[in-house]
Amino acid sequence: MHRWSQLFIPTLREAPADAEVASHKLLLRAGYIRQLGAGIYSHLFLGTRAINKIVAIVREEMDTIGQEMHLPALNPMEVWAESGRWASMGDTMFRLKDRKGAELCLAMTHEEIMTSIARSELRSYKQLPQIWYQIQTKFRDEPRPKSGLLRVRQFLMKDAYSFDIDEAGLDASYAKHEAVYRRIFTRCGLEFLVVEADSGAMGGTGSQEFMVSTDAGEDLIASSSSGYAANVEKATSKLAPVADLAPTGDGLPELVHTPNQKTIDEVGAFLGVERVYQMKTMAYMVEHADSDEKQIKTVGKTRAVVVFLRGDHQLNETKLAAIAGGELRPMQAEEIVATFNAPAGFLGPIGLTAAPHPKKPGTLVILDKALEGRTNLIAGANKEEYHLRNVTPMRDFKPTLVADVRSVNEGELDPIGGQPLRIAKAVEIGHIFKLGYKYSKSMGASVLNRDGKEMTPIMGSYGIGIERILTAAIEQSAAKFAAQSANDPKASDAYALPPSIAPFQVVVTITNVREPALLAAGEEIALALDQAGIDVLLDDRDERAGVKFKDAELIGVPFRIAVGKKLAEGKVELLDRLANRTTDIPVGEAVQQMQTALSLN
RNA sequence: CGGGGCGUAGCGCAGUCUGGUAGCGCACCUGGUUCGGGACCAGGGGGUCGGAGGUUCAAAUCCUCUCGCCCCGACCA
């Protein structure tokens, strides 16, 4: 049994000025963590206990489908060079040299290491499927660590990798992870959402993220009441049909003089035409990763990418980057002139030469799906001071491809049930991803199939941010407490963790340790709880009751038993902080009442 | 990397503009009173003012350089 009087729980009355988000302030104030450097934190006693509980849940669930390993965090450069990530990871990877000058890195994930084990050990389809996982510290030199434990440079991750003989096997391994992830996050007491995610420029056939909705989050997710949920990087929507403008003149593109009218709004106002009837031109350059040799060989290291969007729509750069196959940057003035033969402000589709196919050289011209079938649009004329009327895609110009590259907006209808989309901030706590052959192929893993033929195993990778479970739980709870008492300025101080991940399940607060009866009763109750297998923290400090109550709340323990005045009547007070309910219970029933309360959570 | 802000006692801050013995609240230590919602009285300890260089009789304060941290934009668990 733990006695507060002997523990190191450095609670703070005020949060350090650097702390911004609720979980960061609370973790510091409650004595869970202390900062060592930007994005580098020590977990103190309470933090470690909470993390250990989360890890135990993750491990217990993962053990139902996979096997735990422990891999090196310190990796020789060669293994990362093989997959191409030594080059592609750039500054995000911590790199170092040993005394001999050999290059090493601190691992950010473990695809390479797992694949190298698979390659040297797996020989036969009979050994598949395999699911290997580990719970380990990862290192990432984040460009901008922030928000306490939410975005850090060193963190705990549960990462798992599956190896299957074929796609059906991968689908099964993926489905197992999805089910296990749902159990893990449910047991951790989180309200989460599973969303469709961007699988990145790397390819891959499927990817879902597990998200917890909170304003502290950095991701945006779109969801609706029909069950649709997607990262906005991936989300699509149904649009209300638009009645096109009537053609003017002979119905063919017609030049209009538009001096000094460059933006969509200026041109719209000048011509008296709303934004939905206009076509917006956006010009980028893609830069292909050095590792993508094939692409560079056929289309060059950089390539012009031109996108046409409806005037009132926003480009989604993630979607575009996935299609373009590299990193994007806006075109510079000379590049614009080289591509369009016209200055910015009057760019349009006509006269532009599109690559006939994405894999062929030339300008990659993309027409956003929302413009498919539209007619008589207003667009730039590729001529200074002129725009065109009556521009009709496919008739007047042919893009390289038609694709969804726009961002959805709040209120648009979801693509499956047609319900309005809500857009909210969220934290990503887990990600499951059908990797495909990227690593097994580049690193040369293979097994013999039933016919004695060499096959490349297909892989999946699956991650969980351990500390993020803690922070998400705190954010979620703090938001709820704040909403419940919106006019109470101290409300942001309050939160409570789910019993499954709280450092203790219950605090027994002896309101005054100088009264022998209270002290004895508190000791007795705490001992009984401890013997019943309940994680109890006995607050036996010689402090005033107010201090002890505040501290008990600050550390986020979900139940509190106060031993005080009512002991004279043989009663103690049980506070359920998650339900915000206080009940007086007979001393002798403390264990049983706690067991009941815990079983309900 | 670009933009903004901040480094003064463990935490929160004042002092910097206008150079002149380094301060306040909380926390900490001692004694006393108090004891169910962050008590009170009295006494006390603790600071290379982020670092280096410069200007000056004199620098937390002015100048130069540098390091660190936080926040806003491009990445991810």
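Letters A, B, ... mirror the listed sequences (proteins, then strands); counts begin at 1.
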Provide the distance between the two [atom1] atoms, one in [N] and one in [M], to the nearest whole Å.
{"N": "B:C28", "M": "B:C65", "atom1": "C1'", "result": "38 Å"}
{"N": "B:A42", "M": "B:G54", "atom1": "P", "result": "47 Å"}
{"N": "B:G20", "M": "B:U16", "atom1": "P", "result": "9 Å"}
{"N": "B:G45", "M": "B:G23", "atom1": "P", "result": "12 Å"}
{"N": "B:U8", "M": "B:C69", "atom1": "P", "result": "14 Å"}
{"N": "B:U48", "M": "B:C6", "atom1": "P", "result": "24 Å"}
{"N": "B:U30", "M": "B:U21", "atom1": "P", "result": "34 Å"}
{"N": "B:G68", "M": "B:G15", "atom1": "C1'", "result": "23 Å"}

Are [Y] and [X] an aromatic pair, judged by ring center distance below 6.0 Å?
{"X": "A:Phe481", "Y": "A:Tyr495", "value": "no"}
{"X": "A:Phe45", "Y": "A:Phe8", "value": "no"}
{"X": "A:His431", "Y": "A:Tyr462", "value": "no"}

What is the distance from [atom1] of [X] to [atom2] of [N], rounded to the nearest Å?
{"X": "A:Arg577", "N": "B:G37", "atom1": "CZ", "atom2": "C1'", "answer": "13 Å"}
{"X": "A:Asp539", "N": "B:G37", "atom1": "CG", "atom2": "P", "answer": "15 Å"}
{"X": "A:Glu569", "N": "B:G36", "atom1": "CD", "atom2": "C1'", "answer": "14 Å"}
{"X": "A:Leu518", "N": "B:C35", "atom1": "CG", "atom2": "P", "answer": "14 Å"}

[X] and [Y] ion-paired at < 4.0 Å:
{"X": "A:Arg183", "Y": "A:Glu61", "value": "yes"}
{"X": "A:Asp540", "Y": "A:Arg3", "value": "yes"}
{"X": "A:Arg151", "Y": "A:Glu142", "value": "yes"}
{"X": "A:Arg29", "Y": "A:Glu14", "value": "no"}

Distance-only donor-acceptor check, side chains A:His43 and A:Arg49, under 3.5 Å: no
Using a distance-only test with no angle check, is there a side-chain donor-acceptor pair under 3.5 angstrom linking A:Tyr41 and A:His24? yes
Scan [range] nucleotide by nucleotide, 5' to 3', and note B when protein non-hydrogen atoms come under 4.0 Å of the base, S if they reach only the sugar-phosphate, - if neither.
{"range": "nucleotides 40-49 of chain B", "result": "----------"}
{"range": "nucleotides 23-34 of chain B", "result": "--BSS------B"}
{"range": "nucleotides 66-77 of chain B", "result": "---SSBBBBBBB"}

Once you apply a heavy-atom cut-off of 4.0 Å, does A:Arg541 come out as touching a base, just sugar-phosphate, or nothing? nothing
Using a 4.0 Å heavy-atom cut-off across all strands, classify A:Asp551 as base, sugar-phosphate, or nothing. base
Identity of whatever pairs with [N] - Watson-Crick or G-U, under 3.5 angstrom:
{"N": "B:G38", "answer": "none"}
{"N": "B:G45", "answer": "none"}
{"N": "B:C6", "answer": "B:G68"}
{"N": "B:C76", "answer": "none"}
{"N": "B:C24", "answer": "B:G12"}
{"N": "B:U56", "answer": "none"}

Output, in order, the C-alpha distance, side-chain angles, deciding distance and verdict of side-chain hydrogen bond (donor to acceptor under 3.5 Å, both in side chains) for A:Asp551 and A:Thr11. CA-CA 7 Å; A:Asp551 273 347; A:Thr11 59; 3.1 Å; yes
Checking B:G36, B:G37, B:A39 against the side chain of A:Val547 (C-beta onward), the nearest is B:A39
Is there a donor and acceptor pair, one atom on the side chain of A:Asn512 and one on the base of B:G36, closer than 3.5 Å? no
Crowded around A:Glu178 CD? As in, over 12 foreign heavy atoms under 6.0 Å? yes
Go through the steps for A:Glu209 and A:Asn231 under the test side-chain hydrogen bond (donor to acceptor under 3.5 Å, both in side chains), then give the verdict. CA-CA 8 Å; A:Glu209 290 165 337; A:Asn231 194 306; 2.7 Å; yes
Starting from the C-alpha separation in whole Å, work towards a yes-or-no answer on ring-ring contact (aromatic ring centres under 6.0 Å, His included) for A:Tyr161 and A:His110. CA-CA 9 Å; A:Tyr161 305 88; A:His110 281 79; 7.5 Å; no
